[in-house]
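Working notes, structure below.
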Amino acid sequence: MSLNRKSMKNKLATALFSSSVALAASFSGSVAAADNTFVTIGTGGQTGVYYVVGQSICRLVNRGTKDHNIKCTAPSTGGSVTNINAIRKGEQDMGVAQSDWQFHATKGTKHATFKTQGAFTDLRAVFSVHGEPFTVVARADSNVSHYNDMVGKRVNLNNPGSGTRGTIEVLMGEKGWTKDSFKLAAELKAAEQAQALCDNKIDVMIYTVGHPSGAIKEASASCNAKIIPVTGPIIDKLIAENPFYSEATIPGGMYAGTDEDIKTFGVRATFVSSATVPADTIYHVVKAVFDNFDRFKRLHPAFANLTPQDMMVKGLSAPLHEGAVRYYKEKGWM
Ligand code: GLU
């Protein structure tokens, strides 16, 4: 009885095995024909600059698919922290993230989602991109002319997972503010906030973003909103104590209604990946960007002043990805 059962089992196993071999054989035929590696880049909202970064990189990568077989897509996402956590889970290969959140992810600090997971030791820096001033925009009728005036107002803190939300929470912690400090603490996505400001649903929108930003143009052109200063002793302290923050200025005249330079603090947009993503993949992505650097820089005005020398260093705290190092050494840049 038991022998019989065993031989039945064996027969079944053999049958299953041979049909799966047949299946694998037929599959490998079609895989060999396509043989592409599909990679994804996490970005941000569609009206932000991260989306342009991701789309631009993919456009350059996909021009060379026939040479390297890499196919790239860059979907819209919730922003910096969402991207880093998706890379960690292996759901995305690369992503754009603020320099402050790159720093804290490598250490497992400051953000609740990083603290619970601990240091992300596989996080890798690839290069940095444009500067991102922490930008506060207020309705003309809101009586908000400095960031301190936000207390008691209807403020959009942005969606959890965005870098902007993380950074405003750091600032709130320093100021001793909580959500209750505001008349309304909204959690709209970056792409929704200009409309909400113009519809008089919020008084203040916040966006850590490269300039010029489509969302801020929308708010300033359609409803007279103004960019307001983010300055004072607490900001000076944040800049002095943290390598990833610096002083930032939004140039006067860039947006309707804000003619003078506005001072704030800022971070840098960075491009990150994981040590688990193959060096060959990252090498080809980096090569696509820097071999076509003039073309890349033309894809958004915020990229105009970028240089490879700055991009290899500024705002990066995670170790450089092996594939990026290979390209930089090949160029004699390091
Ligand atoms: N810095 C923002 C964030 O991390 C995104 C800015 C953008 O999309 O350009 O959420």
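These figures come from a predicted structure and were not determined experimentally.
The list of salt bridge (charged side-chain N to carboxylate O under 4.0 Å, His left out) pairs with a residue in residues 149-168, not counting sequence neighbours, reads R154-D203, R165-E169, R165-E187.
No hydrogens or angles considered: a donor-acceptor pair under 3.5 Å links the side chains of E330 and Y283. Using modelled atom types and a 3.5 Å distance limit, the side chains of H68 and T37 yield no donor-acceptor pair. A donor-acceptor pair shorter than 3.5 Å cannot be found between the side chains of S273 and D93. Defined by atom type and a distance below 3.5 Å, a donor-acceptor pair is present between the side-chain atoms of D291 and Y327. Residues Q55 and Y50 have side chains that never bring a donor and an acceptor to within less than 3.5 angstrom of each other.
A donor-acceptor pair is defined here as one N or O able to donate and one able to accept, closer than 3.5 Å; such a pair exists between the side chain of Q98 and the backbone of T164. Looking at S99, its side chain does come within 3.5 Å of a backbone N or O of R268 through a donor-acceptor pair.
Contact check on E247 versus K263 returns no salt bridge, with no Lys/Arg side-chain nitrogen under 4.0 Å from an Asp/Glu carboxylate oxygen.
V39 and V272 fall into different hydrophobic clusters, where Ile, Leu, Val, Met, Phe, Trp and Tyr side chains are chained together by heavy-atom contacts under 4.5 Å.
Remark: K110 fails to qualify as a cation-pi partner of F114 under the 6.0 Å distance and 45° angle criteria applied to the six-membered ring.
For the pairing with T77, the side-chain hydrogen bond (donor to acceptor under 3.5 Å, both in side chains) check across T40, N83, T82 returns one residue only, N83.
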